[in-house]
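Working notes, structure below.
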Amino acid sequence: MLKKSRFLLFVPPFLLMSASICLGEEPVVYDRIIVTSRKGVWPYESHYPTQTVAVSGDHQENFDSLSDFLEEAAGLDLRYRGRYGIQGDISLRGATFNQVGVLIDGVPVTDPQTGHHNLDIPLTSFDVESVEVTKEGTGSVNFKVKKPVKKVLNIDTLVGEHALFGNAFSFSLPSEKLSSRVSFEHKISKGARPNTDFEYETGSVYLLRPFEGMTWDGLLGYLKKDFGADSFYSNLFSEEEEHTSTFLFRTGLEGAITLGLLKSNLYLRKHRDKFILERNNPVSVNYHTTYVYGQNSELRVSFPRFDLLLGEEIGTDQINSTNLGKHTRQHGSLSFGLASLPIERLSAGLNLRLQEYQDWGFRESYDLALGYFIIDKRLKLNASAGHAARIPTFTELFYSDAANKGNPNLDAEESDNFRCGLGFEDSLASCSLEGFLRRGRHLIDWTRVSATDPWQAANLGRVDFRGLEFIFGLKPEFHLRGLELKGVRFSYTYMDTDKKETGFLSKYALDILRHQLSLGFDSKIAGLNFNWRLSYNQRCFGETYFLGDLTISKRIETGGCTFGPFLKIDNFSDSQYSEVGGVRQPGRWVQGGMKLEW
């Protein structure tokens, strides 16, 4: 199987493509949500729904962690074990955290040990321009690195309840020959409950150099986290403890060549995980080290009526673990895509990808999308159908302790994905309504018969997820006696599954959000900015809870500097809830700080 995959090494870099069809022109901004596409805004000139959450600039009113910005994306289920960037799982339209892809500038950083570490992103909020959430297939989250475009020094400080302290800085220095940025971030807290203390630090260096019609860039990032993990992986052990570190290196070239636009990357991600089952009795301690490295390239060739997309990727996943053993698997892929421009109001897109995994053979994925402009540039009907596959993680295959048992006989997951929607947009408002169906086969989950049994990895067979998603955005110009309403965001997602828990408990896959209602609005009162985020959440087998977050901030410009004092109240309703069974989340948490830009 290994020899078969080596043919990909001889594919010339200029034959490369991306399955993505998104290259942006100037996006339309609805507060913190930007909806981007190939030539304009979805769903008007694109085929695949993509929401982009703005991170940098005026949208960053407080000292948020990167994962916190994902809460702005409609329909995305971010299930926290530890808040403030410690650990969270992403689910999207029935796809679990092991299925949703995580990328940095299009480079895969999904952890082969377990998807619980997928959001170990070794970047600060100063390093990221935006986060693209794509809802096609099993979905993906792509962190777009910010380019140093102006000379600026940023310093953030933070204090809060539960001995929460934080500080961060970033310095960007653009230049015609070599632009650079260096960033650092640190947070520490004793935790809202026993055994939920945490500390993390992140550092990064980014370089960018243009030359001869091309642009070279390089990124180094490091993240270290130490935290108490009360019942993170099993309610049978409330004194779990974990220490993780992540190192990322990426370098790439991007620019125009004779055939079209080329982008090529080399990447390496190293992740270390030390897990202690009982921190006060450290008898059971596991050490895991994973390496993900490889290269990928994409080429976009433009024709009068369509763009041709060609791509390739070669990669290796490795793990050295005291529990899972030593394993290596290589993989390679070729991809082909077509993205048409509207012809008589009709547009289409096609993506094909053939991937080979060592010991798992060939797996194909594809999607076909059609769009029709009912009202040119304003109202569009959109539909797509596709297929996706995923091989199990090393944890699902080989892990074993007193609380969790892997299964080396697991089959690879597959899913067929369908969606149909209608979207409207003008200068004041946007809205969309979309129905979706995900038909999963051999779905992998952790199950058990009773709450006292260990979790066991298993294939659930066929599971269908179906739902509806409605999104509305409004950017009004409303002023009344010192009150200014700057933006309103509303979304509602309904989802259900045809497979019910009968004779077993599901840890992840079936405990979906049946109802997710989110409302956010931004206003300015007496010179103060108020950002409200409200949500109602009802899980199929878990809890029903309401959450409300409020940020009050002000921008003060003086002497070439901008000061930004802020007050943030997370969960101001003081709701008692858990998003993963048995892992209680903090109640009301008040924090405040200062942002400086000079």
Side-chain angles (χ1 to χ4, degrees), residues 32 53-69 84-85 104-105 107 109 120-131 143-159 164-188 199-211 215-225 245-254 265 267-269 551 553-566 568 591-598:
R32 297 173 65 156
V53 181
V55 175
S56 299
D58 294 340
H59 307 286
Q60 191 181 5
E61 300 103 344
N62 53 63
F63 194 163
D64 272 341
S65 302
L66 277 179
S67 59
D68 295 332
F69 289 95
Y84 306 111
I104 296 177
D105 274 348
V107 170
V109 292
D120 283 2
I121 304 297
L123 301 172
T124 73
S125 57
F126 299 118
D127 302 317
V128 177
E129 183 71 33
S130 59
V131 187
F143 293 85
K144 303 286 289 184
V145 174
K146 182 181 180 181
K147 304 296 189 288
V149 295
K150 66 176 181 178
K151 183 178 180 180
V152 61
L153 172 66
N154 296 96
I155 300 176
D156 288 2
T157 60
L158 174 73
V159 295
L164 174 65
F165 297 95
N167 53 80
F169 80 86
S170 179
F171 179 65
S172 297
L173 183 62
S175 169
E176 293 183 359
K177 293 184 177 180
L178 181 66
S179 298
S180 61
R181 180 181 57 250
V182 58
S183 303
F184 176 80
E185 182 177 311
H186 174 260
K187 280 185 183 179
I188 186 172
E199 180 175 10
Y200 78 81
E201 55 189 16
T202 308
S204 69
V205 176
Y206 180 73
L207 302 174
L208 184 146
R209 175 181 169 82
F211 63 95
T215 299
W216 169 86
D217 69 346
L219 174 67
L220 285 173
Y222 179 77
L223 169 64
K224 184 177 185 295
K225 298 193 295 189
S245 63
T246 307
F247 169 80
L248 175 70
F249 167 74
R250 181 195 66 78
T251 183
L253 283 172
E254 181 175 4
N265 292 290
Y267 59 89
L268 166 67
R269 178 185 184 269
T551 299
S553 62
K554 184 176 179 62
R555 294 176 64 85
I556 304 171
E557 298 183 8
T558 177
C561 294
T562 300
F563 297 89
F566 67 88
K568 185 180 181 186
Q591 54 195 275
M594 176 69 72
K595 300 176 67 66
L596 168 68
E597 182 176 308
W598 177 67

Task: Closest approach of Pro122 to Thr202 (non-hydrogen atoms, all atoms of both residues) - done: C-CG2, 3.5 Å
TODO: Could you tell me whether the side chain of Leu596 reaches within less than 4.5 Å of the side chain of Cys561, counting heavy atoms only?
DONE: yes
Open item on the list: Less than 4.5 Å apart, side chain to side chain, heavy atoms only: is that true for Phe143 and Leu66?
Closed with: yes
Open item on the list: Given 3.5 Å as the limit, does a donor-acceptor pair link the side chain of Arg269 with the main chain of Leu248, or not?
Closed with: no
TODO: Rounded to the nearest 0.5 Å, what's the gap from CE on Met594 to CZ on Phe566? Could you check?
DONE: 9.0 Å
Task: Closest approach of Pro174 to Lys151 (non-hydrogen atoms, all atoms of both residues) - done: CD-N, 3.4 Å
Open item on the list: Testing the basics here: between Ser170 and Ser183, what is the closest heavy-atom pair and its distance to 0.1 Å?
Closed with: OG-OG, 2.8 Å
Task: Shortest non-hydrogen separation from Val128 to Ser130 and the atoms involved - done: CG1-O, 3.3 Å
Open item on the list: Keeping Arg181 on the side-chain end and Lys146 on the backbone end, is there a donor-acceptor pair under 3.5 Å?
Closed with: yes
Task: Pairwise distance OH(Tyr200) to CG(Asp120) - rounded to 0.5 angstrom - done: 11.5 Å
Task: Heavy-atom side-chain proximity of Ser125 to Glu185 below 4.5 angstrom - done: yes
Open item on the list: Between Thr157 and Lys595 (side chain of the first, backbone of the second, donor and acceptor by atom type, cut-off under 3.5 Å), is there such a pair?
Closed with: no
Open item on the list: Using side-chain heavy atoms (C-beta onward) and a distance below 4.5 Å, is Glu597 in contact with Phe563?
Closed with: no
Open item on the list: Just so I know, are the side chains of His186 and Phe165 near enough to count as touching, which here means a heavy-atom distance under 4.5 Å?
Closed with: no
- [ ] Would you give the length of the straight line joining atom OG1 of Thr215 to atom CZ of Arg209, rounded to the nearest 0.5 angstrom?
- [x] 11.0 Å
Open item on the list: Pairing donors with acceptors under 3.5 angstrom, does anything connect the side chains of Tyr222 and Glu201?
Closed with: no
Task: Spatial distance of atom CG (Asn154) from atom OG (Ser172) [nearest 0.5 Å] - done: 7.0 Å
Open item on the list: Would you say that Thr246 contacts Lys225 through its side chain, given a criterion of any heavy-atom pair below 4.5 Å between the two side chains?
Closed with: no
TODO: State the CG-CG distance between Leu219 and Asn265, to the nearest 0.5 angstrom.
DONE: 10.5 Å
Task: Atom pair CG/CG of Leu220 and Leu268 - distance to nearest 0.5 Å - done: 10.0 Å
Open item on the list: With a 4.5 Å cut-off on side-chain heavy atoms, are Ser180 and Leu207 touching?
Closed with: yes
- [ ] Evaluate side-chain contact (heavy atoms from CB on, under 4.5 Å) for Ile121 paired with Leu223, printing each intermediate quantity in order.
- [x] CA-CA 7 Å; Ile121 304 297; Leu223 169 64; 5.8 Å; no
Open item on the list: Would the distance check show the side chain of Asp105 and the main-chain N or O of Val145 forming a donor-acceptor pair, the cut-off being under 3.5 Å?
Closed with: yes
- [ ] Before giving the answer on side-chain contact (heavy atoms from CB on, under 4.5 Å), spell out for Thr124 and Phe169 the whole-Å C-alpha distance, their side-chain angles and the decisive distance to 0.1 Å.
- [x] CA-CA 9 Å; Thr124 73; Phe169 80 86; over 6 Å; no
Task: Note, Glu199 side chain near Lys224 side chain (heavy atom, < 4.5 Å) - done: no
Open item on the list: Could you check whether atom NZ of Lys147 has more than 12 heavy atoms from other residues, nucleotides or ligands sitting under 6.0 Å from it?
Closed with: yes
Open item on the list: Check whether Ser65 reaches the backbone of Tyr84 with its side chain - one donor and one acceptor, N or O, closer than 3.5 Å.
Closed with: yes
